[in-house]
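In what follows, chains are A, B, ... by sequence order, proteins preceding strands, each numbered from 1.
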Protein chains: 2
Amino acid sequence: MNYSRQREVVLDTLKQNVIHPTAEKLYSIIQIEYPEVSKATLYRNLSQLAEAGIIKKIDGLENSAHFDHNTCLHYHFICEKCGKVFDISEGVAHDVVQKAEQETGFKINSHEIVFHGLCRDCK
Amino acid sequence: MNYSRQREVVLDTLKQNVIHPTAEKLYSIIQIEYPEVSKATLYRNLSQLAEAGIIKKIDGLENSAHFDHNTCLHYHFICEKCGKVFDISEGVAHDVVQKAEQETGFKINSHEIVFHGLCRDCK
DNA sequence: TTTAAAATGAGAATAGTTATCAAGTTCGAG
DNA sequence: CTCGAACTTGATAACTATTCTCATTTTAAA
């Protein structure tokens with residue numbers, strides 16, 4: 001992967017926004033300071049960075065993918081009322097892969113957990 | 001919800017196909033025997049049935065939603081090679097909701113786990 | 001039987017994302 | 001340094017999955 005100013009902007013902006021933004025949300029944030037970054041470039045870079053393991057794509061939340069600069073294993077909670085996304089620590093399901101591999105005999109390479117409910121402010 | 005022949009076909013066909021089909025896959029299956037069921041009706045009925053809790057929509061697999069006639073709590077595994085979807089029993093993460101609620105103070109109403117890897121035949 | 005609510009088919013519309021392609025940029029070999 | 005191949009970009013077209021629109025048909029309860 002070669003250096004590009006646009007990719008740097010995408011990654012830096014994602015790092016500064018702990019809100020697990022969607023591509024569109026990130027685009028609107030980036031537009032304010034860096035209107036030279038096009039939407040195609042944003043989507044391309046998000047894919048590439050996720051592919052390279054530098055960021056993480058979160059599927060299973062609403063219709064659109066969210067992105068996370070934190071690539072350490074952890075889970076997500078989305079509030080049904082305010083729509084905010086929160087992190088849940090790995091600890092809540094620490095041996096889940098081992099158990100699932102034992103049960104099935106499959107090789108598990110990754111897994112995600114998404115919780116839905118009401119956050120502290122909304123409940 | 002009133003009775004409709006089309007809805008009956010959608011539900012019955014889903015029940016007979018344990019493969020967790022996408023809407024498009026289900027459409028192609030239904031088309032063979034019941035070409036009178038339109039795509040709009042299929043999507044509408046899948047939404048309604050899921051809304052009513054009669055079937056379950058599975059998000060977070062590929063780009064498109066899959067549907068499951070089994071509404072009991074369980075998880076899913078998708079094979080990275082053959083694309084097949086398998087069930088994983090609830091037992092692999094039995095106290096995950098309780099732990100997550102304790103950790104966060106949030107009210108959790110539902111959760112999903114998706115595993116990725118290689119199934120027994122593909123590994 | 002009447003009738004209001006619900007459901008339908010066909011296709012238009014939308015949202016999110018990916019593909020195309022010509023032009024500009026990066027970077028390592030010479 | 002400088003040249004070229006590979007990489008990246010912006011603009012926009014295309015695509016996919018899904019939802020919406022609306023005139024027509026079906027359901028079901030009085």
Item to check | Closest listed nucleotide, where the reference is the side chain of B:Ala40 and the choices are D:dC20, C:dA7, C:dT18 | outcome: D:dC20
Item to check | Nucleotide nearest B:Thr41 (side chain, heavy atoms from C-beta), chosen from C:dA7, D:dT8, C:dT8 | outcome: C:dT8
Checklist entry - Taking atom types as modelled, is there a side-chain donor on A:Tyr43 or A:Glu24 under 3.5 Å from an acceptor on the other? => result yes
Next on the checklist: Taking B:Cys119's backbone N and O only, do any of them form a donor-acceptor pair with B:Lys81's side chain (distance below 3.5 Å, no angle check)?
Outcome noted: no
Checklist entry - To the nearest Å, how far apart are B:Gln6 CD and D:dT25 P? => result 14 Å
Checklist outcome for this item: Side-chain atoms of B:Asn2 come closest, of D:dT27, D:dG10, D:dT9, to D:dT27
Next on the checklist: I'd like to know whether B:Lys99 forms a side chain to side chain contact (heavy atoms under 4.5 Å, CB included) with A:His94, so could you lay out the CA-CA distance, the side-chain angles of the two residues, the decisive distance to 0.1 Å, and finally the verdict.
Outcome noted: CA-CA 11 Å; B:Lys99 280 187 186 164; A:His94 72 285; 4.2 Å; yes
Item to check | Members of residues 46-71 of chain B that approach DNA chain C, where some heavy atom sits under 4.0 Å away | outcome: B:Gln48
Next on the checklist: What contact category does A:Arg44 fall into here, base, sugar-phosphate, or nothing, at under 4.0 angstrom with non-hydrogen atoms?
Outcome noted: base
Next on the checklist: Just the rounded figure in Å: distance from C1' of D:dA17 to NZ of B:Lys25.
Outcome noted: 17 Å
Checklist entry - If you look at every strand shown and take non-hydrogen atoms under 4.0 Å, does A:Tyr3 touch a base, only sugar-phosphate, or nothing? => result sugar-phosphate
Item to check | CG (B:Asn70) with more than 12 external heavy atoms under 6.0 Å | outcome: yes
Checklist entry - Between C:dG16 atom C1' and A:Leu42 atom CG, what is the distance in whole Å? => result 12 Å
Item to check | Rounded distance (Å) that lies between atom P of D:dT9 and atom OH of A:Tyr27 | outcome: 14 Å
Next on the checklist: Let's go through A:His116 and B:Ile108 carefully: what are the C-alpha distance in whole Å and the side-chain angles of both, what is the deciding distance for side chain to side chain contact (heavy atoms under 4.5 Å, CB included) to 0.1 Å, and is it a yes or a no?
Outcome noted: CA-CA 6 Å; A:His116 301 257; B:Ile108 291 173; over 6 Å; no
